[in-house]
Peer 1: 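Following this message is one structure expressed as structure tokens.
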Protein chains: 2
Amino acid sequence: MMSKSLHDCGEKRCIDDACLHNLKANIPDEDTVIDIAETFQLLSDPTRVKLVYVLAEGGELCVHHIATILSMSQSAVSHQLRQLRNMRLVKTRREAQHVYYSLSDAHIMQLFNQCLEHVCE
Amino acid sequence: MMSKSLHDCGEKRCIDDACLHNLKANIPDEDTVIDIAETFQLLSDPTRVKLVYVLAEGGELCVHHIATILSMSQSAVSHQLRQLRNMRLVKTRREAQHVYYSLSDAHIMQLFNQCLEHVCE
DNA sequence: TGCACGAATGAACAATTATTCATATAAGCA
DNA sequence: TGCTTATATGAATAATTGTTCATTCGTGCA
């Protein structure tokens, strides 16, 4: 007797066990999934969306300027910038007392712009 | 006397008040920023990343199959699917007792694939 | 050295979130 | 009608997150 499907819904459209197994096996490994989630997580907060936007527009900016532009406390901005820094989304350059932040590459802006298109349609 | 810069760091590189004001003025309006953040938020969780991936690979799947593939409870899957549904990222089709979920458009996969490229490099 | 300024950080708190459990709805079938 | 299966949902809970406050670190300057 053939093994019973875990969930036999009795329709041709329904996929079989082999197919289920395949789908499960092809999911990217947990580390990759988490990397993807963490990357999207970076842009999942309005403050960080603005941060990225402002850095894209303004080029290199120091923390105090960013805080002024966004009308936020230096501390709040600094905490958020750290997240972007930890994920290598921004890079920093110290010059005297100032620390200048800028986007580390264009990738993030591709994602950002594509999303902007999506929400604007 | 000229108005003093909010934060005069005494370097040529430093932007002036007009520039600060411009950057602030050009930030997309709050609704757009929130839309962007919410869109990224949808893919900011490992479970939803897998959900989207599986729907992209498997086409149309019913809740029970998805739960089986992801080794998750039906309830947990259903709760997460609701979020994707609320944001119109997936669409549903009922057929008898089953509800089939599928991605509503290709946009989300463009975002997804671009991010996958990014984390895989 | 001592002071001032810009930036980073730890602790605390409120708000949000993902999951579980229990239950409700919806459809097919006896 | 009652029973079973598939799905949805509300309440509860644990975990995570964003901001504030207080403090510390790093640098330049008198």
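Order of the sequence lines fixes the chain letters, A, B, ..., with proteins taken first and strands second; residue numbering starts at 1 for each chain. The analysis underlying the following values was restricted to heavy atoms, covering all of them including side chains, and did not include hydrogens, waters or symmetry mates.
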Peer 1: In this structure, how many angstroms lie between the P atom of D:dT5 and the CZ atom of B:Arg94, rounded?
Peer 2: 16 Å
Peer 1: Could you state the atom-to-atom distance from CD of A:Gln97 to P of C:dA4 in whole Å?
Peer 2: 14 Å
Peer 1: In residues 69-82 of chain A, which residues come under 4.0 Å of DNA chain D by heavy atom?
Peer 2: A:Ser73, A:Ser75, A:Ala76, A:His79, A:Gln80
Peer 1: To the nearest 10°, let me know how far the axis at one end of the helix from C:dT1-D:dA30 to C:dA30-D:dT1 is tilted from the axis at the other, five pairs an end.
Peer 2: 10°
Peer 1: Whether the side chain of A:Thr39 engages the backbone of A:Asp35 through a donor-acceptor N/O pair (distance < 3.5 Å, no angle test) should be reported.
Peer 2: yes
Peer 1: Please state how far atom CD in B:Glu38 lies from atom C1' in C:dT16, giving the value in whole angstrom units.
Peer 2: 13 Å
Peer 1: Can you find a heavy atom in the side chain of B:Ile34 that is under 4.5 Å from one in the side chain of B:Glu30?
Peer 2: yes
Peer 1: Determine whether B:Val52 and B:Leu43 make a side-chain contact, defined as any pair of heavy atoms from C-beta on separated by less than 4.5 Å.
Peer 2: yes
Peer 1: Measure NE2/A:His64 against C1'/D:dG28 and give the value in whole Å, please.
Peer 2: 17 Å
Peer 1: In whole angstroms, how far is the C1' atom of D:dA8 from the CZ atom of B:Arg85?
Peer 2: 8 Å
Peer 1: Under 4.0 Å between a side-chain N or O of A:Tyr101 and OP1 or OP2 of C:dG6?
Peer 2: no
Peer 1: Is A:Gln83 close enough to D:dT17 that one of its side-chain N or O atoms is under 4.0 Å from OP1 or OP2 there?
Peer 2: no
Peer 1: Tell me whether B:Arg93 contacts the main-chain N or O of B:Glu60 through its side chain, where contact means a donor paired with an acceptor under 3.5 Å.
Peer 2: no
Peer 1: Check whether any side-chain heavy atom of A:Leu42 lies under 4.5 Å from a side-chain heavy atom of A:Gln83, and answer yes or no.
Peer 2: yes
Peer 1: Assess whether side-chain contact (heavy atoms from CB on, under 4.5 Å) is satisfied between B:Phe112 and B:Val49, documenting all intermediate values.
Peer 2: CA-CA 8 Å; B:Phe112 185 97; B:Val49 167; 3.7 Å; yes
Peer 1: Which atom names give the shortest non-hydrogen contact between A:Leu111 and A:Phe40, and what distance separates them?
Peer 2: CD2-CE2, 4.5 Å
Peer 1: Test your reading of the model: is there a side-chain donor-acceptor pair from A:Thr92 to the backbone of A:Tyr101, 3.5 Å cut-off?
Peer 2: no
Peer 1: Measure CZ/A:Arg48 against C1'/D:dG18 and give the value in whole Å, please.
Peer 2: 8 Å
Peer 1: For A:Ser71 and B:Lys24, run side chain to side chain donor-acceptor pair (under 3.5 Å): C-alpha distance rounded to whole Å, both residues' side-chain angles, the deciding distance at 0.1 Å, then the answer.
Peer 2: CA-CA 9 Å; A:Ser71 308; B:Lys24 180 164 188 165; 2.5 Å; yes
Peer 1: Rounded to whole Å, please give me the gap between CD in A:Gln41 and C1' in D:dG18.
Peer 2: 11 Å
Peer 1: Send over the distance from A:Asp45 CG to D:dG18 P, rounded to a whole Å.
Peer 2: 5 Å
